[in-house]
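Every value quoted in this text rests on a predicted model; they were computed, and no experiment measured them.
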Amino acid sequence: MTQTKIAKNVVVIGTQWGDEGKGKIVDWLTDHAQGVVRFQGGHNAGHTLVIGGQKTALQLIPSGIMRAGTACYIGNGVVLSVPDLLREIDKLQANGVEVASRLKISEACPVILPYHTALDAAREIARGAAKIGTTGKGIGPAYEDKVARRAIRVADLLNEERFAEKLRDNLDYHNFVLTNYLKAPAVEFQKTLDDTLANVPRIRPMVADVSSALYAAHKAGASLLFEGAGNAAAGSGVGPNMLHYILGITKAYTTRVGSGPFPSELPTDAGVGKHLASVGHEFGTVTGRARRCGWFDAALLKRSVQINGVSGMCLTKLDVLDGLETLKLCTGYKVDGKVVDIFPVGAEEAARCEAIYEEMPGWSDSTVGAQSMDALPVNARNYIMRIQELVGVPVDMISTGPDREETIVLRHPFI
């Protein structure tokens with residue numbers, strides 16, 4: 001009896017507030033994967049890849065698309081804007097990257113429709129000074145519909161009669177909220193129906209049972225790479241026993257876009273905060289918005305490691321710290337007179353956190369492009385070791401620049 005090869009599958013997640021540099025690492029790891037799966041999120045965030053000096057920005061399509069022959073999957077945990085997906089496909093194919101024949105889209109993906117973006121924008125206006133800082137692309141409202149069991153999914157788009165019925169019901173509900181509560185214009189039924197159906201012929205050949213496709217690929221011996229920000233099993237339709245290693249992408253400092261608690265935040269108009277923002281080019285890939293910047297927060301990372309089951313970390317943007325005389329690490333917080341060493345679960349408690357720091361000497365030599373630990377300054381190595389100690393998870397990879405080859409590998413996730 002022939003024994004089926006058991007492949008190794010790796011999950012890549014961001015461990016901070018996004019923008020950690022997942023795209024490059026996913027692209028680098030696809031050298032050992034036959035398939036790449038996007039299992040969460042929408043088109044509100046993006047990955048910038050630099051390959052041979054050429055930049056490519058991706059939003060919905062998995063980063064593996066830049067490796068010829070690699071299969072790519074959009075799992076059921078993604079909320080899908082069909083027009084934005086098609087624009088991304090067109091842009092890639094115009095640059096010589098074949099997409100349509102290599103991409104499978106889960107039939108269970110919830111679809112982002114115009115009323116989701118209308119709700120997103122109207123809510124932000126209504127919140128005023130208390131606004132969240134959402135990108136306004138309808139991501140949150142689309143997930144709300146999923147949880148409320150009223151989501152329109154990709155499979156619904158393939159059945160015109162069913163789609164029209166569900167769309168009419170959803171618009172009755174959401175237009176009432178838009179016009180009566182949020183004082184915003186209603187979304188037109190017929191235009192939404194016609195515009196959406198016009199895109200169906202292009203996506204129909206790519207729609208598939210992604211869960212079954214991934215299971216079959218795994219049984220056939222393919223190694224798979226999952227990219228997102230948590231819930232890989234649920235968001236791709238596979239069992240957790242198919243996930244063998246969780247790689248947490250972690251920036252060597254901390255950034256955040258939008259509002260919310262940020263205990264280690266620094267002002268970005270001067271000093272270290274300005275250095276991090278300018279040297280790190282801290283602007284959103286999709287929105288272009290400036291990111292908030294601050295010192296590395298080990299207590300935040302400890303929470304992320306616990307809830308995501310991280311096996312090892314990849315530290316990115318280490319080179320941004322080059323030239324800083326002194327570095328600070330946030331090791332915990334004072335909250336209501338108590339000292340805690342992990343990020344609080346509640347937003348109210350998190351907002352009251354006062355960062356506790358320890359200092360370490362920085363380094364003046366460049367770390368850009370280093371491909372071994374020995375090539376790093378001693379103080380940079382000490383900084384990495386201290387992060388490991390504080391978080392309790394090994395740093396298995398270090399990114400020392402945006403290009404594929406600018407990577408230090410201490411333990412390969414696939415090997």
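Listed here is the closest heavy atom pair of Pro344 and Glu349: CB-CB, 3.8 Å. Taking every heavy atom of both residues into account, Val320 and Gly280 meet most closely at CG2-CA, 3.7 Å. Contact record, Ile112 with Ala142: CG1-CB, 3.8 Å, taken as the closest heavy-atom pair. Minimum interatomic distance between Phe343 and Ala350 (heavy atoms only, all atoms of both residues): CZ-CB, 3.6 Å. For Pro201 against Leu197, the heavy-atom pair with the smallest separation is CD-O, 3.5 Å.
In this structure a side-chain-to-backbone donor-acceptor pair under 3.5 Å is missing from Asp156 to Ile152. Remark: side-chain polar atoms of Arg256 are paired, donor with acceptor, to backbone N or O of Pro261 under 3.5 angstrom. Panel note: side chain His116, backbone Leu113; a donor-acceptor pair is recorded below 3.5 Å. Within the 3.5 Å criterion, the main-chain N or O of Thr134 finds a donor-acceptor partner in the side chain of Glu124. Looking only at distances, no side-chain donor or acceptor of Tyr245 sits under 3.5 Å from a matching main-chain atom of Ile415. One N or O on the side chain of Asn76 and one on the backbone of Ala234 form a donor-acceptor pair closer than 3.5 Å. With hydrogens and angles disregarded, no donor-acceptor distance shorter than 3.5 Å links the side chain of Asn95 to the backbone of Val97. Side-chain N or O atoms of Glu98 include none that pairs as donor or acceptor with a backbone N or O of Gln93 at under 3.5 Å. Of the possible polar contacts, none joining the Arg38 side chain to the Gly75 backbone as a donor-acceptor pair under 3.5 Å is found. A donor-acceptor contact shorter than 3.5 Å links the side chain of Arg102 to the backbone of Ile65.
Annotation: cation-pi pair Arg168/Phe189 present, NZ/CZ under 6.0 Å from the ring centroid and within 45° of its normal. Figure legend: Lys328 and Tyr357 shown as a cation-pi pair, the cationic atom lying under 6.0 angstrom from the six-membered ring centre and within 45 degrees of its axis.
The closest side-chain heavy-atom distance from Trp295 to Val272 is below 4.5 Å. The shortest distance between side-chain heavy atoms of Glu107 and Asp209 falls below 4.5 Å. Side-chain contact between Thr268 and Cys293: present, with at least one pair of heavy atoms (C-beta onward) separated by less than 4.5 Å. His43 has its side chain within reach of Lys137: a pair of non-hydrogen atoms, C-beta onward, lies under 4.5 Å apart. You'll find the side chain of Gln59 stays beyond 4.5 Å of the side chain of Ser81, heavy atoms only. No side-chain heavy atom of Asn9 sits less than 4.5 Å from a side-chain heavy atom of Phe414. A heavy-atom distance below 4.5 Å is not found between the side chains of Asp84 and Val82. Using a 4.5 Å heavy-atom cutoff, the side chains of Arg153 and Lys146 are in contact.
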Val200/Glu160 under side chain to side chain contact (heavy atoms under 4.5 Å, CB included): CA gap, chis, key distance, verdict: CA-CA 10 Å; Val200 169; Glu160 184 173 341; over 6 Å; no
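If you check the side chains of Lys24 and Thr407, you find a donor sitting under 3.5 Å from an acceptor. Looking at Thr15 and Thr250, their side chains do bring a donor and an acceptor atom within 3.5 Å of each other. Side-chain N/O atoms of Thr179 and Asn175 include no donor and acceptor closer than 3.5 Å. Judged purely by distance below 3.5 Å, without hydrogens or angles, the side chains of Tyr253 and Glu282 pair a donor atom with an acceptor atom. Thr367 and Asp322 are linked by a side-chain donor-acceptor pair at a separation below 3.5 angstrom, with hydrogens and angles left out of the test. His174 and Asp145 are linked by a side-chain donor-acceptor pair at a separation below 3.5 angstrom, with hydrogens and angles left out of the test.
Checking Thr255, Ile249, Thr254 one by one against Lys251, the side-chain contact (heavy atoms from CB on, under 4.5 Å) holds for a single residue, Thr255. Looking at Leu85, Ile89, Leu86 one by one, the single match for side-chain contact (heavy atoms from CB on, under 4.5 Å) with Leu60 turns out to be Leu85.
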